[in-house]
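The structure appears right after this line, and notes come after that.
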Amino acid sequence: MSDDLVRRVEAACDEIVQGDEPVTFAAVAGRAGLARTTLYRNESLRAIVEEHRLRSREGLTLSGIATEVAHLRQSLEAVAAKVRRHEEEIRRLRRATQRSKPTS
């Protein structure tokens with residue numbers, strides 16, 4: 001994912017919030033010049049939109065904070081799973097590399 005896409009989605013969300021409009025995937029997609037499916041399928045872009053939706057809708061109420069914590073926990077679990085997959089891939093590649101080294 002490019003930094004340009006992230007910036008476009010962030011800017012679109014900020015414009016929508018500043019205009020006191022509801023943050024929807026359709027509105028963000030329209031302003032960012034993307035398809036809604038791109039926002040839904042890309043986890044990082046989807047997280048940006050959902051974060052702005054939560055902030056604009058619930059603010060710093062107790063339920064808003066609880067929802068944000070739950071969202072952050074879910075995001076952290078997704079990152080941890082990705083790190084575990086990457087670590088396993090690194091271990092697998094190291095084993096394969098060690099097996100393919102000629103012995104002297």
Side-chain angles (χ1 to χ4, degrees):
M1 177 182 57
S2 73
D3 290 340
D4 179 54
L5 283 178
V6 171
R7 279 193 291 274
R8 286 169 44 195
V9 171
E10 286 279 1
C13 288
D14 289 339
E15 288 175 16
I16 292 168
V17 169
Q18 294 298 321
D20 236 6
E21 301 170 41
V23 179
T24 64
F25 282 90
V28 174
R31 292 209 188 202
L34 300 169
R36 278 185 311 176
T37 55
T38 302
L39 297 177
Y40 283 117
R41 290 179 181 165
N42 185 301
E43 291 178 24
S44 299
L45 297 179
R46 184 180 184 123
I48 292 168
V49 175
E50 288 177 349
E51 179 181 336
H52 280 84
R53 289 176 82 172
L54 286 173
R55 277 195 220 156
S56 67
R57 192 173 45 211
E58 296 184 10
L60 292 178
T61 64
L62 195 52
S63 63
I65 292 170
T67 302
E68 188 170 349
V69 167
H71 175 71
L72 291 172
R73 179 175 288 131
Q74 183 180 25
S75 297
L76 183 59
E77 288 170 358
V79 169
K82 187 176 259 187
V83 167
R84 283 191 295 274
R85 284 192 307 270
H86 288 161
E87 287 174 340
E88 180 56 37
E89 180 71 11
I90 289 169
R91 283 192 292 276
R92 189 185 64 74
L93 290 171
R94 283 183 180 156
R95 285 191 301 266
T97 302
Q98 289 174 350
R99 277 186 250 139
S100 66
K101 285 184 183 177
T103 55
S104 303

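No hydrogens, no waters, no symmetry mates; every other heavy atom, side chains included, goes into these values.
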Calculate, to the nearest 0.5 Å, the distance between atoms [atom1] and [atom2] belonging to [X] and [Y] respectively.
X: I48; Y: E43; atom1: CD1; atom2: CD; answer: 12.5 Å
X: L93; Y: T97; atom1: CG; atom2: OG1; answer: 6.0 Å
X: L39; Y: T24; atom1: CG; atom2: OG1; answer: 10.0 Å

Checklist entry - Tell me the ring-ring contact (aromatic ring centres under 6.0 Å, His included) pairs involving residues 74-99, sequence neighbours left out? => result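 Non-adjacent pairs meeting ring-ring contact (aromatic ring centres under 6.0 Å, His included): zero.
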Checklist entry - Which residue pairs satisfy the ring-ring contact (aromatic ring centres under 6.0 Å, His included) criterion with at least one member in residues 17-47, sequence neighbours excluded? => result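 Every ring-ring contact (aromatic ring centres under 6.0 Å, His included) pair that includes a residue of residues 17-47, provided the two are not neighbours, is F25-Y40.
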Checklist entry - Can you hop from V23 to V6 via hydrophobic side chains spaced under 4.5 Å? => result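 Cluster IDs for V23 and V6 match.
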Please report the shortest heavy-atom distance between [X] and [Y], naming the atom on each side.
X: P22; Y: I16; result: O-CG2, 3.4 Å
X: V28; Y: C13; result: CG2-SG, 3.7 Å
X: A29; Y: A35; result: CB-C, 4.1 Å

Next on the checklist: Other residues, nucleotides and ligands only: do more than 12 of their heavy atoms fall within 6.0 Å of CZ on R94?
Outcome noted: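 No, CZ of R94 has 12 or fewer neighbouring heavy atoms, counting only those of other groups under 6.0 Å.
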Item to check | Those residues that, when tested against R36, pass side-chain hydrogen bond (donor to acceptor under 3.5 Å, both in side chains) (two or more places apart) | outcome: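 With sequence neighbours excluded, R36 shows a side-chain hydrogen bond (donor to acceptor under 3.5 Å, both in side chains) to no residue whatsoever.
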Checklist entry - Restricting to pairs with a member in residues 69-84, which pass salt bridge (charged side-chain N to carboxylate O under 4.0 Å, His left out), not counting sequence neighbours? => result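 Every candidate salt bridge (charged side-chain N to carboxylate O under 4.0 Å, His left out) pair involving residues 69-84 fails, so no pair, neighbours aside, qualifies.
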Item to check | Lys/Arg N to Asp/Glu carboxylate O, R91 vs E88, below 4.0 Å | outcome: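 A salt bridge links R91 with E88.
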Next on the checklist: Taking salt bridge (Lys or Arg N to Asp or Glu O under 4.0 Å) as the definition, give me every residue that meets it alongside R92, ordered by chain and number, with sequence neighbours left out.
Outcome noted: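 R92 satisfies salt bridge (Lys or Arg N to Asp or Glu O under 4.0 Å) with E89 only.
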Item to check | Qualifying residues under salt bridge (Lys or Arg N to Asp or Glu O under 4.0 Å), relative to R31, sequence neighbours excluded | outcome: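 If we apply the salt bridge (Lys or Arg N to Asp or Glu O under 4.0 Å) test to R31, skipping adjacent residues, the hits are E15, E21.
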